[in-house]
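Have a look at the structure below, then the notes.
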Amino acid sequence: MANLAGGPPPTPKQRIHFYKPDEWEDFILEWATGLQEDYFQIKRIGGSNDRGADVAAFLTPDGFEGEWDCFQCKHYVEALMPSDAYPEIFKLIRSVVEGHYTMPRRYYFLAPQGCGQTLKRMLSRPSELRAKFLEKFDGDKPLGAGLDGSLVDKIRALAETIEYNVFQSSEVHEILTVHKRTPYYAHRFGGPLPARPAIETPPEMPAENESRYIAHLFDVYGEHFGMAIQGVASIKNHPKASKHFSRQREAFYSAEALRLFARDSVMPGTFEELQDEVHDGVIETQERSYPDGMERLTRVLEMAAALNLTSNALISVSNPRDKRGICHQLANTDRLVWCEEQ
């Protein structure tokens, strides 16, 4: 929607144009998490001594000694040219010669303005890139000028044997498409969250991760209905307790679905912040005196459902049942308890 006071808001492409180099590296680190690769770990290495790797994605626990991908971040005003790429390729090969890395599986040049036409063509024609790069070891300003001659010879020897199809680039629209799959996109650029998937129906028998909040519910039913609880079967044989129990499990599974959705859609910690907000909103209600645990539970669930939470990114996709389910998640860790200890 247009901003009537100052025109339309900047697009994601326009926003990243104004990033500082460090912020661009952070953005690429986020982007790498959206690649459809089974990475063991992704690290930001960038700095004055990065040895040609700003962001590294490892496919094995062996890190630089195993298979890995290298992401070279260049936040320049203009599109990248071959003269920008040659020193970076040289730096990488030197690092391999000196034993800092193994040769990466893939090496990406990533820049807000992308690569210029000449560099694009060369990256698409590995044999041309190889020939042009090797030419740069000679001439008036050769690659490696000022280094020990024996080191340059080793670098050149390796440069003559490697595969140049490892050197690639990604256009900014491709980068943004991948980044949109990550939990970081909405935090950086705003916009609606994706639709939540269907909520799983609770299985007939509770799962292991339900044990603690269900134990608290058993205490409630035993106290309120005067029941001798012998597991779930006891609840199912009691009409009122059975219906109440089913609703609580549905709420818990709704909150669990929101937790899993949050893991893939918003910044890490966002769901935990929502849990804290619900806890803060109901704790005064929970700590009041009540005739029994059922009354306490009922009042807390009513309060949770009515909470007007506006600051959390998940509010737009959450509902009252989620907030009631969060109360049971909190009971699962004893942050909320329904029956007073005797």
Side-chain angles (χ1 to χ4, degrees), residues 196-227 229 231-263 266 270-342:
R196 285 175 62 178
I199 298 171
E200 179 185 355
T201 300
E204 183 174 352
M205 293 303 297
E208 184 177 349
N209 70 326
E210 298 182 75
S211 61
R212 189 59 183 156
Y213 88 87
I214 285 180
H216 287 303
L217 288 175
F218 283 178
D219 290 342
V220 168
Y221 301 143
E223 179 184 69
H224 186 71
F225 296 115
M227 298 172 58
I229 306 296
V232 175
S234 302
I235 304 301
K236 291 184 176 180
N237 291 328
H238 191 287
K240 290 187 177 180
S242 177
K243 291 179 181 178
H244 187 275
F245 185 61
S246 294
R247 292 197 301 272
Q248 307 323 305
R249 294 191 66 216
E250 288 169 0
F252 177 80
Y253 272 78
S254 183
E256 283 292 287
L258 182 61
R259 179 181 64 82
L260 295 176
F261 172 84
R263 181 190 62 189
V266 293
T270 302
F271 183 75
E272 290 73 18
E273 290 175 1
L274 181 61
Q275 286 182 315
D276 288 341
E277 290 173 22
V278 171
H279 179 269
D280 291 345
V282 303
I283 188 61
E284 300 301 330
T285 300
Q286 190 266 348
E287 290 186 346
R288 292 175 190 155
S289 296
Y290 297 95
D292 66 6
M294 178 64 83
E295 183 70 14
R296 175 177 287 105
L297 170 61
T298 300
R299 297 305 178 197
V300 168
L301 295 182
E302 289 174 346
M303 175 60 72
L307 288 175
N308 184 22
L309 306 176
T310 60
S311 62
N312 194 282
L314 291 168
I315 291 303
S316 63
V317 294
S318 66
N319 56 54
R321 185 167 60 173
D322 294 325
K323 288 181 278 189
R324 291 195 296 268
I326 286 174
C327 291
H328 292 303
Q329 290 176 326
L330 295 170
N332 234 4
T333 56
D334 294 330
R335 292 181 69 186
L336 293 177
V337 176
W338 314 127
C339 294
E340 295 181 352
E341 295 184 4
Q342 301 299 322

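Distance alone, capped at 3.5 Å, is enough to place a donor-acceptor pair between the T298 side chain and the M294 backbone. Checked by atom type and distance alone, the side chain of E223 pairs as donor or acceptor with a backbone atom of G293 at under 3.5 Å. In terms of modelled atom types and a separation under 3.5 Å, the side chain of R249 and the main chain of P203 share a donor-acceptor contact. The backbone N or O of A251 sits nowhere less than 3.5 Å from a side-chain atom of R321 that would complete a donor-acceptor pair. Under a 3.5 Å cut-off, the side chain of E250 and the backbone N or O of P202 do not form any donor-acceptor pair. Checking side-chain atoms of N332 against main-chain N and O of N209 turns up a donor-acceptor pair under 3.5 Å. Checked by atom type and distance alone, the side chain of E295 never pairs as donor or acceptor with a backbone atom of D292 at under 3.5 Å. Of the possible polar contacts, one joining the S211 side chain to the E208 backbone as a donor-acceptor pair under 3.5 Å is found.
When side chains are defined from C-beta on, D276 counts as touching R335, because their heavy atoms get closer than 4.5 Å. In this structure, M303 and I283 have side chains that are not in contact, with every pair of non-hydrogen atoms separated by 4.5 Å or more.
In this structure, L307 CG and T285 OG1 are separated by 8.5 Å, a value rounded to the nearest 0.5 Å. Once rounded to the nearest 0.5 Å, the distance linking CG of L309 with CG of D280 reads 10.0 Å. Here F271 contributes atom CZ and D322 contributes atom CG; the two are 8.0 Å apart, rounded to the nearest 0.5 Å. Atom NE2 of H279 is separated from atom CD1 of I326 by 12.5 Å, given to the nearest 0.5 angstrom. Taking CD from Q329 and CZ from F252, the interatomic distance works out to 5.5 Å, rounded to the nearest 0.5 Å. Distance check, rounded to the nearest 0.5 Å: NE2 of H216 to CH2 of W338 gives 8.5 Å.
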**Prompt:** side chain to side chain contact (heavy atoms under 4.5 Å, CB included) between V317 and L314: does it pass, once the steps are laid out?
**Reply:** CA-CA 6 Å; V317 294; L314 291 168; 4.2 Å; yes

**Request:** With side chain to side chain contact (heavy atoms under 4.5 Å, CB included) as the test, would you mind laying out the steps for Q248 and I214 before giving the verdict?
**Result:** CA-CA 9 Å; Q248 307 323 305; I214 285 180; over 6 Å; no

**Message:** Run the side chain to side chain contact (heavy atoms under 4.5 Å, CB included) test on L217 and L297 for me, step by step, so that the C-alpha distance in whole Å, both residues' side-chain angles and the decisive distance to 0.1 Å come before the verdict.
**Reply:** CA-CA 9 Å; L217 288 175; L297 170 61; 3.7 Å; yes

**Request:** For C339 and V220, run side chain to side chain contact (heavy atoms under 4.5 Å, CB included): C-alpha distance rounded to whole Å, both residues' side-chain angles, the deciding distance at 0.1 Å, then the answer.
**Result:** CA-CA 6 Å; C339 294; V220 168; 3.9 Å; yes

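Judged by distance alone, the side chains of E340 and Y290 never bring a donor and an acceptor atom under 3.5 Å apart.
The heavy-atom pair separating H238 from A241 by the smallest distance is ND1-N, 3.2 Å. Scanning all heavy atoms of the two residues, the minimum distance from F218 to G231 falls at CZ-C, 3.8 Å. What you find for R196 and L258 is that their closest heavy atoms are NH2-N, 3.6 Å. Nearest approach of T270 to N312, heavy atoms of both residues: O-ND2, 3.0 Å. Here the shortest heavy-atom pairing between A305 and R324 reads CB-NH1, 3.8 Å. Residues L336 and C327 share a closest heavy-atom pair of CD1-O, 3.8 Å.
Between E256 and R259 there is a salt bridge, since at least one side-chain N of the basic residue sits less than 4.0 Å from a carboxylate O of the acidic one. A salt bridge does not link R288 to E284: none of the charged side-chain nitrogens sits closer than 4.0 Å to a carboxylate oxygen.
Under the 30°/60° scheme for interplanar angles, the aromatic rings of H244 and Y221 are found to stand perpendicular.
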